[in-house]
*Asks:* 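Please find one structure pasted underneath; my questions will follow.
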Amino acid sequence: MEGIEHRMVKVNGINMHIAEKGPKEGPVVLLLHGFPDLWYTWRHQIDGLASAGYRAVAPDLRGYGDTDSPESFSEYTCHHVVGDLVDLINSLGQDQVFLVGHDWGALVGWYLCQFRPDKIRAYACLSVPFRARNPKIKQVDGLRAAFGEYYYICRFQAPGEIEKEIDCVGARRILRKILTSKNPGAPFLPKVNPFGIDPDPSRDPALPAWFSEEDLDFYTSQFEKSGFTGGLNYYRAMNLNWELTAPWTGTRVKVPVMFMAGDLDNVYTTPGIREYIHDGAFASEVPNLQEVVVMEGVGHFLNQEKPQETTAHLIDFFAKFQDSNGV
């Protein structure tokens, strides 16, 4: 990762690790990762954006990597995480940034666009579309009613339970399974062997060409140090987020948006999501939706699987919102 600088910043009462590259005077692109991920998921985009004149900034979100991990899930609400990011944007000396989010980072990005649209010039969302708050049912309750108790988000709710399952297998094998899986449709985790790990490690699937053993080494070292609880706490705060966002019921996201997904992404292929994205409902909730990009044969981690294509789409999209001086 030549030329990427790392430093710690104090934001919203926590210590946050950020990786950054690019000219200090360049427009900032803030890159938000998901679960189970790190700033490292953006390694290719950091280089590409920096080469195009942007200042790419990728934090480890609270609970991940070298950033602080508060203990209680109640400290992982949308207000906490958006507070971290607004403070980070201010610490970078920026009034506005370009925003990119993937997976949980995409959800955090939607909250940031709702709460502080003044901070966002344009938003490129990967994998997870905006869904308006349903005032009649909490998020996790609605998912449980739709998909059952074994749906992965429901299985993540009990503190410590899924962590024990991960400990039984080990961080490396779990990360290998999650980061390289390409199974369309809603993910389910049964009570027995929830991640479908073969008892014989010698039969673990080979890594795809886009994800090396060195990449897996880095992920494993980080999650063996930090654990998975911080990332899982985002899921455990979902019903609390529903309560806290009552004042935003009925609001729409009005910043300029581009949406990208792989056609084999397990979010995109969850029943009803593809239709929601393409049949007009998504655009009604995000009236400044400018582009939808679907990559064929690509799974959930499209920014790593198709890094050059992803970066090119980001640069083309953000160029629409540059002034004549490139700012």
*Asks:* Looking at K306 and E296, is there a salt bridge between them, counting it only when a charged N and a carboxylate O are closer than 4.0 Å?
*Replies:* no
*Asks:* Determine, for R62 against E75, whether the closest basic-nitrogen to carboxylate-oxygen distance falls under 4.0 angstrom.
*Replies:* no
*Asks:* Check N12 against G83 and note the closest heavy-atom contact, atom names and distance.
*Replies:* ND2-C, 3.7 Å
*Asks:* Could you check whether any side-chain N or O of H33 sits under 3.5 Å from a backbone N or O of L61, counting only pairs where one atom can act as donor and the other as acceptor?
*Replies:* yes
*Asks:* What do you reckon, is NZ of K225 surrounded by more than 12 foreign heavy atoms closer than 6.0 Å?
*Replies:* yes
*Asks:* Check whether any side-chain heavy atom of N288 lies under 4.5 Å from a side-chain heavy atom of V257, and answer yes or no.
*Replies:* no
*Asks:* Going through the checks in order, is the side chain to side chain donor-acceptor pair (under 3.5 Å) test met by N15 and T67?
*Replies:* CA-CA 6 Å; N15 297 300; T67 295; over 6 Å; no
*Asks:* For A261, is there any backbone N or O sitting under 3.5 Å from a side-chain donor or acceptor partner on S127?
*Replies:* no
*Asks:* Is it the case that the side chain of S221 and the backbone of F218 share a donor-acceptor pair, with hydrogens and angles ignored and the cut-off at 3.5 Å?
*Replies:* yes
*Asks:* Can we call the ring centroids of H17 and Y64 under 6.0 Å apart?
*Replies:* no
*Asks:* Could you give the distance from NE2 (H44) to OG1 (T310), rounded to the nearest 0.5 Å?
*Replies:* 9.5 Å
*Asks:* Determine whether more than 12 heavy atoms belonging to other residues, nucleotides or ligands lie under 6.0 Å from atom NZ of K254.
*Replies:* no
*Asks:* Looking only at heavy atoms, which two atoms of R121 and P27 are closest? And how far apart?
*Replies:* NH1-CB, 3.9 Å
*Asks:* Can you tell me if NZ on K164 sees more than 12 non-hydrogen neighbours from other groups inside 6.0 Å?
*Replies:* no
*Asks:* Do you know the tightest heavy-atom contact between N183 and S181?
*Replies:* ND2-OG, 3.0 Å
*Asks:* Going through the distances and angles, do L126 and V100 end up as a side chain to side chain contact (heavy atoms under 4.5 Å, CB included)?
*Replies:* CA-CA 7 Å; L126 279 60; V100 186; 3.9 Å; yes
*Asks:* Any side-chain heavy atom of V292 within less than 4.5 Å of one from M260?
*Replies:* no
*Asks:* Would you find a donor on one side and an acceptor on the other, under 3.5 Å apart, between the side chain of S226 and the backbone of Q222?
*Replies:* yes
*Asks:* Locate the shortest heavy-atom distance separating G196 from K177; write the atom from each residue and the value.
*Replies:* O-NZ, 3.5 Å
*Asks:* Taking the side chain as C-beta and beyond, is there a heavy-atom pair between L99 and L31 under 4.5 Å?
*Replies:* no
*Asks:* Going from CZ on R116 to CG on L112, what distance comes out if it is rounded to the nearest 0.5 angstrom?
*Replies:* 8.5 Å
*Asks:* Look at the rings of Y152 and F156 and say which category their plane angle falls in: under 30° parallel, 30 to 60° tilted, over 60° perpendicular.
*Replies:* perpendicular
*Asks:* Verify ring pair (Phe, Tyr, Trp, His ring centres under 6.0 Å) between F259 and H278, making sure each step is shown before the conclusion.
*Replies:* CA-CA 11 Å; F259 178 80; H278 295 289; 8.3 Å; no
*Asks:* Please say which of T269, D279, V294 ends up in a side chain to side chain contact (heavy atoms under 4.5 Å, CB included) with R274.
*Replies:* T269
*Asks:* Of all the heavy-atom pairs spanning C154 and V140, show the shortest one and how long it is.
*Replies:* SG-O, 4.4 Å
*Asks:* Taking only residues two or more places apart in sequence, or in another chain, which ones meet D200 in a side-chain hydrogen bond (donor to acceptor under 3.5 Å, both in side chains)?
*Replies:* S202, R203
*Asks:* Report yes if the side chains of C78 and V108 come closer than 4.5 Å at any heavy-atom pair, otherwise no.
*Replies:* no
*Asks:* Can you measure from CE (M238) to CG (L107) and round to the nearest 0.5 angstrom?
*Replies:* 7.0 Å
*Asks:* Can you tell me how far OG1 of T77 sits from CZ of R236, rounded to the nearest 0.5 angstrom?
*Replies:* 15.5 Å
*Asks:* Taking the six-membered ring for Trp, are the ring centroids of F282 and Y276 within less than 6.0 Å of each other?
*Replies:* yes
*Asks:* Which one of F35, Y76, Y234 satisfies the ring-ring contact (aromatic ring centres under 6.0 Å, His included) criterion with W104?
*Replies:* Y234
*Asks:* Answer yes when K182 and E305 have at least one side-chain N-carboxylate O distance shorter than 4.0 Å, and no when they do not.
*Replies:* yes
*Asks:* So does Y150 have more than 12 non-hydrogen atoms from other groups sitting under 6.0 Å from OH?
*Replies:* no
*Asks:* Determine whether a donor-acceptor pair (N or O, by modelled atom type, separation under 3.5 Å) exists between the side chain of D103 and the backbone of V128.
*Replies:* no
*Asks:* Would you say that more than 12 heavy atoms from the other residues, nucleotides or ligands in this model lie under 6.0 Å from the CG of D95, or not?
*Replies:* no
*Asks:* Side-chain contact test, heavy atoms from C-beta onward, threshold under 4.5 Å: evaluate it for V286 versus R252 and give yes or no.
*Replies:* no
*Asks:* For N241, is there any backbone N or O sitting under 3.5 Å from a side-chain donor or acceptor partner on H79?
*Replies:* no
*Asks:* Would you check if the side chain of Q96 reaches a backbone N or O of D118 as a donor-acceptor pair within less than 3.5 Å?
*Replies:* yes
*Asks:* Hey, does the Lys NZ or Arg CZ of R133 hover above the aromatic six-ring of W242, less than 6.0 Å from the centre and inside 45° of the axis?
*Replies:* yes
*Asks:* Charged N to carboxylate O below 4.0 Å: is that the case for R155 and E149?
*Replies:* no
*Asks:* Apply the side chain to side chain contact (heavy atoms under 4.5 Å, CB included) test between P59 and each candidate in L38, D84, V9, L32; give the one that qualifies.
*Replies:* L32
*Asks:* State plainly whether the residues R55 and E25 are in salt-bridge range, i.e. N to O under 4.0 Å.
*Replies:* no
*Asks:* If only atom types and distance count, is the side chain of E165 paired as donor or acceptor with the main-chain N or O of I162 below 3.5 Å?
*Replies:* no
*Asks:* State the CZ-CD1 distance between F223 and I166, to the nearest 0.5 angstrom.
*Replies:* 9.0 Å
*Asks:* Students often mix this up, so state it plainly: with edges at 30° and 60°, are the rings of H6 and W39 parallel, tilted or perpendicular?
*Replies:* perpendicular
*Asks:* For the side chain of Q157 and the backbone of Y235, is there at least one donor-acceptor N/O pair under 3.5 Å apart?
*Replies:* yes
*Asks:* Would you please indicate if the ring centroids of W248 and Y111 are separated by under 6.0 Å?
*Replies:* no
*Asks:* From M16 CE over to D68 CG, what is the distance, rounded to the nearest 0.5 angstrom?
*Replies:* 9.5 Å
*Asks:* Could you please spell out the steps behind the side chain to side chain contact (heavy atoms under 4.5 Å, CB included) verdict for N134 and T249?
*Replies:* CA-CA 8 Å; N134 182 348; T249 300; over 6 Å; no
*Asks:* Can you check whether I197's main-chain N or O pairs, donor with acceptor, with N193's side chain at less than 3.5 Å?
*Replies:* yes
*Asks:* Would you name the heavy atoms of M258 and H313 that are closest together and state the gap between them?
*Replies:* CE-O, 3.6 Å
*Asks:* What residues, two or more places apart in sequence or in another chain, satisfy side chain to side chain contact (heavy atoms under 4.5 Å, CB included) together with D47?
*Replies:* I4, K21
*Asks:* How about CD on E213, more than 12 heavy atoms from neighbouring residues, nucleotides or ligands closer than 6.0 Å, or not?
*Replies:* yes
*Asks:* Kindly determine whether Y54 and Q322 satisfy side chain to side chain donor-acceptor pair (under 3.5 Å), including the steps that lead there.
*Replies:* CA-CA 11 Å; Y54 293 92; Q322 303 269 32; 2.8 Å; yes
*Asks:* Going by the angle between their ring planes, with limits at 30° and 60°, are Y219 and Y40 parallel, tilted or perpendicular?
*Replies:* perpendicular
*Asks:* Would the F317 and Y123 ring centres measure less than 6.0 Å apart?
*Replies:* no
*Asks:* Does the pair D87/K10 count as a salt bridge with the N-to-O cut at 4.0 Å?
*Replies:* no
